[in-house]
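Since we're looking at a predicted model, the values are computed, not measured. The sequence lines fix the lettering, A, B, ..., with proteins before strands; numbering per chain opens at 1.
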Number of protein chains: 2
Amino acid sequence: MVASREQIARAAIRRLNADPAASMAEIAESAGVSRATLHRNFASREALMAHLGRMSTESWTQVLDDAGLAEAVADGSPEALRAAIDRLCHHNIRDVEEFGFVLTEHVVFEQDDELAQVVERCQTREQEFYAAAQKAGVLRADLPPVWIGHMSYGLLVGLREALRRGDVAVRDAERLLRESFLRGCGAS
Amino acid sequence: MVASREQIARAAIRRLNADPAASMAEIAESAGVSRATLHRNFASREALMAHLGRMSTESWTQVLDDAGLAEAVADGSPEALRAAIDRLCHHNIRDVEEFGFVLTEHVVFEQDDELAQVVERCQTREQEFYAAAQKAGVLRADLPPVWIGHMSYGLLVGLREALRRGDVAVRDAERLLRESFLRGCGAS
DNA sequence: ATCGTTTGAGACAAGCTTGTTTCATTCGAG
DNA sequence: CTCGAATGAAACAAGCTTGTCTCAAACGAT
């Protein structure tokens, strides 16, 4: 069995998604390798967490790229911005399914300055996009972009919990996220 | 110094809000008592957590009572239900400020069956209220009540994070929560 | 088949956390 | 003031986790 570094990392993510407090021994077991091999690939738990954090932030960056935020902002038309929001919801869902546990594990980022910077850059990108969407009249202007970012984060946490408990089907997730984000629960 | 059980519990909450992984020694220090006294009041960490969990669920129950959900459902008028939603947002905010760390510490509840039942009862109460609000046309009917519950939870997590990082002022919290919950971020 | 590499199992030390106990000190009610 | 109760400091054992190391076995390319 050739257990590559990345395979181990993916197994670690799966395990930590189910049990955020899993020990290195438990992670190794989930990955189907011995504790020794796990440590040969990741010198310490901190190193493993840093790697997972990096994977997570890279995935987030990828989400923002895939959603075409920059292009939508450059375009500036309401249609382009609206479409970007839809894509953002779409890609965020796969991100949540994959890296869910990172959402509430702030410790991962607080340890590593470099990682914290990437996170902040992603947040800034998002907020600038939200601000552009406000300017174009796609998002309401009476909510601070920074709050819209936190709200979006919160909705993802709630969605993850709903999926984890089986209260929401994956196929409904995108619609619920988009509708809740854009229109809320109030009857129009 | 008379350090009552409840004073210690409150100090523990404050500490755990700032550092969810705090050890018993750190909690004792934050409470201004020795480790021995902490253990005299709470035989084990599990017992302390169970007590904090109980406080949290009692507070949640109190929030639902104070918001007058049952009365609003009995009344049934859109105005009464709308007012109850406002009160729910209002009381939820003080709950989040106080018991924030519990939001993402599911472990607290998964340990204790009795606690898990109380949580479920609170969730059911909320969802029944949401269903009534949908029936009265106050909340849109195309979102499952169970999702509205998770969404509300998610918004509270996001709000807590926003408050914790100083991105949102306490005085704005209620309005942001209410507006986001009811109308979302999309421009009408 | 062979040789170098990778792996697993296990032992090991170190550190931290938890929970208990002891004992001297302090507090507070009477 | 006095005495019982509560407290703090310290030591202690036990358990878990982390990280290292060794060695034999399995693997894989040649």
In whole Å, I'd like the distance from the [atom1] atom of [X] to the [atom2] atom of [N].
X       : N      : atom1 : atom2 : result
A:Met24 : C:dG15 : CE    : C1'   : 16 Å
A:Arg35 : D:dT18 : CZ    : C1'   : 7 Å
A:Glu29 : C:dG10 : CD    : C1'   : 16 Å
B:Asn41 : D:dG8  : CG    : C1'   : 14 Å
A:His39 : D:dT22 : NE2   : C1'   : 16 Å
A:Glu46 : C:dC16 : CD    : C1'   : 16 Å
A:Glu26 : D:dC16 : CD    : P     : 11 Å
B:Arg5  : D:dA6  : CZ    : P     : 14 Å

When you check the gap from the basic side-chain N to the acidic O, do [X] and [Y] get nearer than 4.0 Å?
X        : Y        : result
A:Arg15  : A:Asp19  : yes
A:Asp65  : A:Arg125 : yes
B:Arg164 : B:Glu161 : yes
A:Asp142 : B:Arg183 : no

With respect to the side chain of [X], which nucleotide from [options] is positioned closest?
X       : options               : value
B:Ser34 : D:dG8, C:dG19, C:dT17 : D:dG8
A:Arg40 : C:dT7, D:dT18, D:dC21 : C:dT7
B:Ser44 : C:dA9, C:dG19, D:dG19 : C:dG19

- Task: Would you please classify the geometry between the B:His106 ring and the B:Tyr153 ring as parallel, tilted or perpendicular, with 30° and 60° separating the classes?
- Result: perpendicular
- Message: Could you see if B:Met24 belongs to whatever hydrophobic cluster contains B:Ile13? Use Ile, Leu, Val, Met, Phe, Trp, Tyr and a side-chain cutoff under 4.5 Å.
- Response: yes
- Item | Distance below 4.0 Å between B:Thr37 side-chain N/O and D:dG8 OP1 or OP2 | yes
- In short, the helix from C:dA1-D:dT30 to C:dG30-D:dC1 is bent end to end, axes from five pairs each side, to 10°, by 30°
- Between A:Ala25 and B:Ala36, whichever has its closest DNA chain D nucleotide further toward 5' is B:Ala36
- Task: Would you please say whether a donor-acceptor pair under 3.5 Å links the side chains of A:Gln134 and A:Tyr130?
- Result: no
